[in-house]
Participant: 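The structure's right below; bear with me while I get my questions together.
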Amino acid sequence: MRIITVLFFAAILSSSITTVSAAGGLSEPEKRVLQQLKREAGATFAIHWHSKTNTPSLITGQLTKPSKYPPEWIAYKFLNQTKALYGLRNPKINMQITEIKEIPDNTVQVRLQHVLYKTPVWGDELVIQMDDQGVINRVEGKLTPHLEEKTFNRPMYAAISKKKAIAIALASSQGGSMQVEDPKVDMYYHPTIAGTPLIYVVSLKNNEFEHKYQKILIHSLSGRVIEHRNL
């Protein structure tokens, strides 16, 4: 379980060995990436591991050199260098930029959605933060590794239609058919569902109830309601 925070101190020769063993279960490519990040960031480097996915949930420090390239180029270069840590085959294909925005203190955030076979992965995204010199100083989020292997390297297909998924969602929702907006339905891969992890996420809105917005997760093969989420 790699939930510990690992601090690298460049002045201590043995720290890299301690870090690798503390992270636990790392492959040789992952160890090499950590060593590379340590050399770049020195004593500013810190990493937290996600307890369920065993991928980094937070990396901080001066992680890259200054760059005049656009934020998206900087973000993809970092992910190419660290893809072993996140279990990504090809970040340009597996990670889709959904937002680039400036926040206070001359900081730019690049938000990326994890994608599998051109379909987003439910709950999987990263936010890469960089300063006005193009130096990445924070990477935060959750990624589920090696999803291609878990799906036998081939895309999956739904057995029920989007129309059927909406009907199931309306039948199970608090508001029933009393919606103030047309339901919206999207398809996702759910990273923790075994077998066929393809799901529909139906978004509903009803002003008559305490929770106006609902997202209902429906299995695309069986039509089973997996989760109600009130927003």
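When reading the values below, keep in mind they use all heavy atoms of this one structure, side chains included, and skip hydrogens, waters and symmetry mates.
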Participant: For Val121, does its backbone N or O pair with a side-chain atom of Gln113 as donor and acceptor, under 3.5 Å?
Facilitator: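 The answer is yes, because a donor-acceptor pair under 3.5 Å joins these two groups.
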Participant: Taking only Lys NZ, Arg NE, NH1 and NH2, and the carboxylate oxygens of Asp or Glu, determine whether Glu125 and Lys142 approach each other closer than 4.0 Å.
Facilitator: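 No, this pair does not count.
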Participant: What I want to check is whether the side chains of Tyr117 and Thr151 have a donor and an acceptor closer together than 3.5 Å.
Facilitator: yes
Participant: Hey, is the main chain of Leu198 close enough, under 3.5 Å, to the side chain of Ser220 for a donor-acceptor pair?
Facilitator: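 Flag set: sc Ser220 to bb Leu198 pair under 3.5 Å.
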Participant: For Tyr188, check ring-ring contact (aromatic ring centres under 6.0 Å, His included) against everything at least two apart and list the hits.
Facilitator: Trp122
Participant: Taking all atoms of both residues into account, what is the closest heavy-atom pair of Ile218 and Ile226, and its distance?
Facilitator: C-CD1, 4.0 Å
Participant: Rounded at 0.5 Å granularity, tell me how far CD in Glu30 sits from OG in Ser27.
Facilitator: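 With rounding to 0.5 Å, CD (Glu30) is 3.5 Å from OG (Ser27).
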Participant: Will you find, in the side chains of Lys205 and Tyr213, an N or O donor that is under 3.5 Å from an N or O acceptor?
Facilitator: yes
Participant: Please name the residue in the list Lys65, Gln35, Gln62 that meets the side-chain hydrogen bond (donor to acceptor under 3.5 Å, both in side chains) test with Glu40.
Facilitator: Lys65
Participant: Looking only at atom types and distance, does a side-chain atom of Tyr200 sit under 3.5 Å from a main-chain N or O of Ile166, one as donor and one as acceptor?
Facilitator: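 The answer is no, because no donor-acceptor pair under 3.5 Å joins these two groups.
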Participant: Specify the closest pair of heavy atoms between Arg138 and Thr60, including all atoms of both residues, with the distance to one decimal.
Facilitator: NH1-CG2, 3.9 Å
Participant: Where the side chain of Thr82 meets the backbone of Leu85, is there a donor-acceptor pair that is under 3.5 Å apart?
Facilitator: no
Participant: Glu28: what forms a side-chain hydrogen bond (donor to acceptor under 3.5 Å, both in side chains) with it, not counting sequence neighbours?
Facilitator: Lys31
Participant: Quick check: closest heavy atoms across Thr64 and Ile136, and the distance to 0.1 Å?
Facilitator: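 Residues Thr64 and Ile136, closest heavy atoms: OG1-N, 2.9 Å.
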Participant: Rounded at 0.5 Å granularity, tell me how far CD1 in Ile216 sits from NE2 in His228.
Facilitator: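 Going from the CD1 atom of Ile216 to the NE2 atom of His228 covers 4.0 Å.
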Participant: Less than 6.0 angstrom from the centroid, inside 45 degrees of the normal: does Lys92 satisfy that with respect to the ring of Tyr76?
Facilitator: yes
Participant: Among Lys83, His114, Glu148, Arg89, whose side-chain hydrogen bond (donor to acceptor under 3.5 Å, both in side chains) with Asn94 holds?
Facilitator: Glu148
Participant: For the pair Thr55 (side chain) and Leu143 (backbone), establish whether a donor and an acceptor sit closer than 3.5 Å, ignoring hydrogens and angles.
Facilitator: yes
Participant: If you compare all heavy atoms of Ser173 against all heavy atoms of Gln214, which two are closest, and at what distance to 0.1 Å?
Facilitator: CB-OE1, 3.3 Å
Participant: So Val201 and Val185, do their side chains get closer than 4.5 Å, heavy atoms only?
Facilitator: no
Participant: So, does His146 use its side chain to make a donor-acceptor pair with the main chain of Glu149 at under 3.5 Å?
Facilitator: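 Not at all, since once roles are kept as given, no pair shorter than 3.5 Å links the two residues.
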Participant: With rounding to the nearest 0.5 Å, note down the distance linking CZ in Arg224 to CG in Leu217.
Facilitator: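 Going from the CZ atom of Arg224 to the CG atom of Leu217 covers 10.5 Å.
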Participant: Any sub-3.5 Å donor-acceptor pair from Asp105's side-chain atoms to Thr107's backbone N or O?
Facilitator: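 Flag not set: sc Asp105 to bb Thr107 has no pair under 3.5 Å.
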Participant: Report the distance from atom CG of Leu37 to atom CD of Gln81, rounding to the nearest 0.5 Å.
Facilitator: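 Answer rounded to 0.5 Å: 8.0 Å.
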Participant: Any side-chain donor-acceptor pair under 3.5 Å between Gln109 and Gln129?
Facilitator: yes
Participant: Using the rule that two of Ile, Leu, Val, Met, Phe, Trp, Tyr join whenever any of their side-chain heavy atoms come within less than 4.5 Å, decide whether Ile199 and Leu116 are in one cluster.
Facilitator: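 The answer is no; the residues belong to distinct hydrophobic clusters.
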Participant: Are Lys77 and Ile74 close enough that some pair of their side-chain heavy atoms sits under 4.5 Å apart?
Facilitator: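 No. Closest side-chain heavy atoms not under 4.5 Å.
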